Every structure is written in structure tokens, then in C-alpha cells.
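See structure below.
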Amino acid sequence: MRRTGTLVLLGSIAHSSIVASESLPRGVGPEFAKFYESKPTFACIGNPSVVLSSSQINDNSCDCPDGSDEPGTAACANIDALSPEQPLPGSLTGTTNTTAALPGFWCANEGHLGSYVPFLYVNDGVCDYDLCCDGSEEYAHVGGIKCENRCNAIGKEWRRLEEERRQSEERSAKRRRTLVKESRELRRRVESKITALRDEIKDLEVKKIELQKKFEDVERSERGKVVKAEGQGGKLSVLVGLAKTRVAELRDTLDKVLDQRDDLQDKVERLEDILKKLKEEYNPNFNDEGVKAAVKSWEDYAAGDASGSSKAEVVDADVMEILKEDGETSGINWAEFVEDTTSDADVVYNLEAYLPSFARDWVHDKLQLVRVWMIENGILADNPASTGESVLVTAARETLEAAKNDFNSKTTALEESEAELAKDYGPDDIFRALKGKCVSSHVGEYEYELCWHDKTTQKSKKGHGNTNMGNFVRIDREMADEEERADGKGLGKGQRLVLRYDNGQGCWNGPNRRTDVWLKCAETDEVWRVSESEKCVYKMEVGTSAACEDVNEPGVRAKDEL
């Protein structure tokens with residue numbers, strides 16, 4: 001059977017409006033009935049100045065320039081607005097340089113949906129049940145063909161499929177409403193977080209200014225003191241401090257050297273693997289002097305390595321033992337060489353060390369403020385710290401730095417949250433609920449994966465690794481122009497959401513991969529098909545409830561917009 005989507009009238013006209021066929025010429029659709037009312041003359045629809053006798057309607061001669069006098073025959077089937085002007089055969093007025101007034105031959109299709117059949121299909125000896133299920137377009141029985149009326153069976157099946165489609169649309173709409181609710185809640189959380197961060201940052205800004213002023217006052221006060229400690233304890237304590245610093249520097253350098261050695265060892269192993277493969281796979285019959293020289297050098301290198309001149313190897317365990325922090329059980333216990341200047345007040349002050357980790361930082365900041373106040377008011381002694389500055393200055397500095405770090409951390413979190421809120425997540429922010437979730441499908445020897453607002457990936461089933469086909473960039477809209485598929489898994493016709501994924505993995509001698517993800521309303525998220533429209537540019541067709549139209553729940557009235 002032949003199909004044409006441009007001439008089908010799907011339920012746009014109710015059966016109750018169809019004029020009885022006895023009162024109209026054959027092939028006239030209900031919307032054109034007014035032009036064919038019973039009267040002795042007929043005026044061409046597109047050219048009313050041309051008036052014909054009613055007997056000339058459906059006389060198999062194209063007398064109207066627009067073919068409107070032949071609604072039930074194929075006489076005017078060849079009218080074409082793009083053809084040069086010329087009289088139609090057997091007609092005094094008709095020409096091909098015009099536009100047809102009628103869309104085709106009307107089939108009433110009682111029990112199903114009425115539709116128009118192209119005039120070329122009328123009496124061509126083929127039963128076009130997909131358009132004319134009542135068989136009325138073959139009324140002349142050309143070649144003995146008689147098309148039976150199948151509208152009841154076809155209509156029944158169509159109504160069944162239509163009911164399934166309607167129920168599927170309702171389920172899709174329900175899932176879309178669920179996604180919208182989730183997206184709104186996620187957006188609300190981000191907005192609440194932004195509000196809370198702004199309030200915290202405002203308070204931290206005031207606190208930071210106060211602590212900065214306090215630190216400057218304390219530091220100024222310390223600089224004004226006439227007498228200061230020349231050293232922190234005796235010469236042994238000074239020497240211990242210098243030695244401890246030097247050991248820490250050497251340990252840090254050793255750690256970096258160890259990392260560099262491991263990196264170089266990895267490179268050597270990779271190069272050896274390359275040369276081994278070259279030696280095993282090269283063709284000695286080819287007179288490539290460069291390759292032969294490389295193979296000879298590798299053989300000499302391997303022979304020298306096999307001879308195994310004894311070297312003193314560094315055992316990683318020994319190095320790791322050296323890298324351990326100094327303490328009572330490893331390295332040097334520096335505490336044995338330092339004079340004990342801890343006071344009872346310090347012991348009390350350091351009680352935060354016994355608190356759980358989640359509360360330690362908060363308590364530390366509060367105790368730091370208390371200690372500064374107690375030192376300022378003469379309750380605690382201001383014992384000098386190992387840095388050469390007083391405990392009061394050290395405490396004020398640490399408190400200020402903690403406030404600055406907290407301020408910077410909160411500011412960064414605020415910027416990230418504001419950027420997240422400003423992102424385009426499509427209509428009703430619906431893709432916010434899908435972000436991070438993935439859907440995949442097996443196509444040929446690959447598995448294609450779409451991760452919403454993240455990336456698209458091509459995965460080899462043969463274990464050859466994954467290929468990044470693009471990273472999410474933006475949301476666009478484009479018109480699709482495809483025939484509807486019987487299973488509904490196609491883009492069809494109309495405006496569609498298109499997700500752009502750019503800057504994927506580079507192609508061999510080509511650009512970076514890019515994927516255009518076309519979306520169509522569907523009950524479940526599913527990758528339907530993937531095609532490569534041009535080199536390294538992919539088109540991925542995906543069904544998802546997120547692409548369905550914005551609909552309200554049954555019984556819920558939409559808000560009126562001014």
C-alpha cells in the first residue's frame with residue numbers, strides 16, 4: 001500500500017458534519033461542500049470567473065484551471081503550479097500553470113477516519129486501504145478490481161492503538177510531572193543554600209574585619225614592648241629547633257625524589273615494552289637501517305642488563321621508614337631535647353585534643369578567643385611560642401586565618417551554587433532531576449551511553465575502551481521532519497529539543513567528536529538509534545518523558561497568564 005502524510009485528515013472533521021454523499025458529487029470533502037450545492041451552474045473554486053454547467057462536474061474533463069470541477073476523477077491529477085502554462089488535453093480553460101484547489105479525492109471511511117487520496121490514486125487498480133479503507137476511490141473497478149469496505153476492522157484496530165497511545169501519553173505526562181516536582185525541589189534546595197551562604201558570608205565579613213583589627217592591635221602592642229625574649233630556652237632548644245626544621249626539609253626532599261624515581265621507572269618500563277615489541281614484530285627483510293639500528297641497540301641494552309652487575313638497591317621499606325614522622329616510636333623523639341615549658345593553663349587550654357573531630361575545629365576557635373581574652377586580662381601567662389612571637393599574637397593570627405579560610409570556602413561554595421542555579425536545564429528545569437543519570441543502548445558492536453547534562457560515550461563490546469563523543473554544552477530547539485514510525489520510536493515532525501554535546505575525543509585526522517541528542521516524548525528514557533551524519537558528528541535519537549509537552553494533572557486548572 002502507498003502512504004502519503006500530507007493528504008490524510010485525522011479526525012479534524014467530525015462524522016456528524018459530513019454531508020450525505022447523495023447530495024454531493026463523488027470525491028467532495030465536507031469542507032468544500034458549500035461550493036457544490038445543487039444549482040444549474042458551478043463556479044470554479046479558485047477562479048470564480050469561470051462558470052461551468054453542473055453537468056461538467058466529474059465528466060472526466062479538466063475544465064477549471066484549478067481542477068475543482070473534477071473532485072471524483074483523475075482528470076486533473078497532473079495540475080502542477082511549477083509547470084509552464086499550457087492547456088490541459090481536451091480542455092478549453094484548464095492549464096497546468098496553477099495550483100489545485102482540492103487536496104484530493106475524499107473517502108468518507110465511515111467507521112474510521114475520513115481522508116483524502118491523491119487524484120493519481122483514483123481508479124488506478126490499487127486498493128489504498130491505508131488512506132481509503134472503504135475502497136470508494138476504485139469505484140470504476142478498473143481491471144476487475146473491487147475494493148471491499150474494511151473500515152470497521154481498520155477503525156477498530158486504530159481505536160485500540162489510539163487508546164494505547166493515549167494511555168502511554170498519560171503515563172508519560174505523569175512521569176514528567178514527577179520530574180518537574182523533583183526539579184523544583186532541587187532548585188529550592190539550591191536557592192535555600194544560596195540564601196544561607198549569603199547570610200553566613202555577611203556575618204563572616206564582619207567577623208573577619210573585627211579579627212583583622214584585633215590582630216593588628218595585638219601585633220602593634222607586642223612591637224611596642226621594650227623587653228623581649230632573646231631565645232626560646234637555652235642553646236640546646238635553639239639547636240633542636242634548627243635540626244628539626246632541617247630534618248623535615250630533607251624528609252620532604254627524599255619523598256619528592258622517591259616519587260620522581262617511580263615516575264622514571266614507569267617510563268623506562270614502557271620504553272622497554274615498546275622496544276621488545278619492535279624487536280619481536282619487525283621484518284628483518286626490510287632494509288630499514290633506522291629500525292635495524294634500534295633493534296641492535298635494544299639487544300645490546302638487554303644483554304648488558306642480563307649480565308646483572310650487582311648494584312646496591314634501595315629498598316622501599318627502608319625509605320618509607322625514614323619518611324615516617326618523628327615521634328616516640330620512630331625517628332627522633334624531639335620532645336626529649338626540648339625544655340618543658342608547658343603550664344597547667346596550657347593543659348586546660350588543649351582539652352580540645354580530646355574532643356571528637358567533628359567538634360574540634362569549632363571548639364578550637366572558641367577556646368582561642370577565650371585564651372586571647374584571658375591573656376589580655378592577665379589571667380593566663382603569655383608564654384612565647386617557638387616562632388619567636390608571643391602566644392597572644394599566634395592565637396590572634398590563627399583565629400584570623402581560620403576566619404579568612406572559612407570566608408573563602410563559603411564564597412567559593414556560593415559562586416558554585418549561583419552558577420548551578422543559572423544553568424539551563426530546559427523547560428521547567430526538568431533536566432535538573434535527570435542530571436547525572438545515564439541511559440544506554442546496544443547498537444551493532446558498540447554500546448552508546450547518554451548521561452544527562454554530562455557526556456555521551458561510545459563503549460566497545462570487544463573491550464577496546466570507551467570513546468568520549470562529546471560533553472554537554474547547551475540546549476537548542478530544531479524542527480524534525482521525519483515520517484512517524486509504527487512503533488512510535490521516531491522523531492516525527494515538529495519542533496524538538498536538541499542537547500548539544502561538543503569537544504569529545506578527537507578523531508584520527510579529524511575534528512573532535514560531537515553529538516546532537518534529539519529528544520522525543522516517550523514513556524521511558526531510551527536511546528532509540530545512533531547515526532553518524534558526517535565524520536565524527538553523531539545524531540542520537542532518544543525518547544524521554546522530559547521532552548513531553550507541559551500538561552497539568554487531570555482536574556487541575558492552569559494558572560491564567562496576563
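Quick caveat, the model's predicted, so the values are computed rather than measured.
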Exercise. Can we say D476 and R500 salt-bridge, meaning some charged N sits less than 4.0 Å from an Asp/Glu carboxylate O?
Worked result: yes
Problem set entry | K208 atom NZ: more than 12 heavy-atom contacts under 6.0 Å | yes
Problem set entry | CG-CG distance between L204 and D199, expressed to the nearest 0.5 angstrom | 11.0 Å
Exercise. Would you say the side-chain atoms of Q56 and S53 include a donor-acceptor pair closer than 3.5 Å?
Worked result: no
Exercise. Under the salt bridge (Lys or Arg N to Asp or Glu O under 4.0 Å) criterion, do R189 and E185 qualify, and how do the steps go?
Worked result: CA-CA 6 Å; R189 292 178 186 176; E185 175 60 22; 3.2 Å; yes
For this session: Identify the heavy atoms of A480 and R496 that sit nearest to each other, and give their distance.
Result: CB-CG, 3.8 Å
Exercise. Less than 4.0 Å between a side-chain N and a carboxylate O, is that true for R166 and E162?
Worked result: no
Seminar exercise, completed: Closest non-hydrogen atoms of S545 and T524, given as atom of the first, atom of the second and distance, are OG-N, 4.5 Å
Problem set entry | Charged N-O contact under 4.0 Å between D263 and K267 | no
For this session: Drop me the distance from K404's NZ to S409's OG, to the nearest 0.5 angstrom.
Result: 15.5 Å
For this session: Report the relative orientation of the aromatic rings in F32 and Y116; use parallel for angles under 30°, tilted for 30 to 60°, perpendicular for over 60°.
Result: perpendicular
For this session: Taking the side chain as every heavy atom from C-beta outward, state whether E138 and N123 have any pair of such atoms under 4.5 Å apart.
Result: yes
Exercise. Would K539 and E482 pass as an ion pair if we require N to O under 4.0 Å?
Worked result: yes
For this session: Evaluate the ring planes of F472 and Y501, with Trp represented by its six-membered ring, and classify them as parallel (under 30°), tilted (30 to 60°) or perpendicular (over 60°).
Result: perpendicular
Problem set entry | H453 side-chain N/O to D424 backbone N/O, donor-acceptor pair under 3.5 Å | yes
For this session: Check for a donor-acceptor pair, side chain of E532 on one end and backbone N or O of C536 on the other, with a separation under 3.5 Å.
Result: yes
Exercise. With a 4.5 Å heavy-atom cut-off, do Q458 and E449 have their side chains touching?
Worked result: no
Problem set entry | SG proximity flag C76/C62, limit 2.5 angstrom | yes
Problem set entry | Spacing of CD belonging to E541 relative to CG belonging to L491, to within rounding of 0.5 Å | 4.0 Å
Exercise. Hey, does I57 have a side-chain heavy atom less than 4.5 Å from the side chain of P71?
Worked result: yes
Exercise. Would a 4.5 Å heavy-atom cut-off, applied to side chains only, mark F431 and I475 as touching?
Worked result: yes
Exercise. Checking S183 side chain against D429 main chain: does a donor-acceptor pair fall under 3.5 Å?
Worked result: yes
Exercise. Can you find a heavy atom in the side chain of F42 that is under 4.5 Å from one in the side chain of C64?
Worked result: yes
Problem set entry | Lys/Arg N to Asp/Glu carboxylate O, E191 vs R187, below 4.0 Å | yes
For this session: Measure across L434 and A546 and return the closest heavy-atom pair with its distance rounded to 0.1 Å.
Result: CD1-CB, 3.8 Å
Exercise. Is the shortest distance from a Lys or Arg side-chain nitrogen in K207 or D406 to a carboxylate oxygen in the other one below 4.0 Å?
Worked result: no
Exercise. Under a 4.0 Å N-O cut-off, is there an ion pair linking R175 with D525?
Worked result: yes
Problem set entry | Presence of salt bridge, K146 and E148, under 4.0 angstrom | no
Exercise. Do the non-hydrogen side-chain atoms of K202 and E205 ever get within less than 4.5 Å of each other?
Worked result: no
Exercise. Does atom NZ of K535 have more than 12 heavy-atom neighbours, drawn from other residues, nucleotides or ligands, at distances under 6.0 Å?
Worked result: yes
For this session: Show your reasoning for whether side chain to side chain contact (heavy atoms under 4.5 Å, CB included) applies to V122 and T73.
Result: CA-CA 6 Å; V122 177; T73 73; 5.6 Å; no
For this session: Using only heavy-atom distances, determine whether the side chains of S68 and D66 contain a donor-acceptor pair under 3.5 Å.
Result: yes
Problem set entry | SG atoms of C127 and C147 less than 2.5 angstrom apart | yes
For this session: Would you indicate whether the side-chain heavy atoms of N109 and S115 approach each other to under 4.5 Å?
Result: yes
For this session: May I ask you to test the W452-T544 pair for a side-chain heavy-atom distance under 4.5 Å?
Result: yes
Exercise. Backbone N or O of G490 within a donor-acceptor pair of the K520 side chain at under 3.5 Å?
Worked result: yes
Problem set entry | N-O pairing of E418 and R198 below 4.0 Å | yes
For this session: Would you check if the side chain of D502 reaches a backbone N or O of V473 as a donor-acceptor pair within less than 3.5 Å?
Result: no
Exercise. Any idea how F105 and Y139 line up, ring-wise: parallel (<30°), tilted (30 to 60°), or perpendicular (>60°)?
Worked result: parallel
Problem set entry | Identified side chain to side chain donor-acceptor pair (under 3.5 Å) partner of S440 from the options E526, E447, K459 | E447
Problem set entry | Sub-2.5 Å SG contact, C107 and C133 | no
Exercise. Checking side-chain hydrogen bond (donor to acceptor under 3.5 Å, both in side chains) for the pair S136/D134: CA distance, chi angles, key distance, verdict?
Worked result: CA-CA 6 Å; S136 58; D134 60 8; 2.9 Å; yes
Exercise. Can E164 and R160 be counted as an ion pair, charged N to O under 4.0 angstrom?
Worked result: yes
Exercise. Between the side chains of Y425 and E420, does any donor sit under 3.5 Å from an acceptor?
Worked result: yes
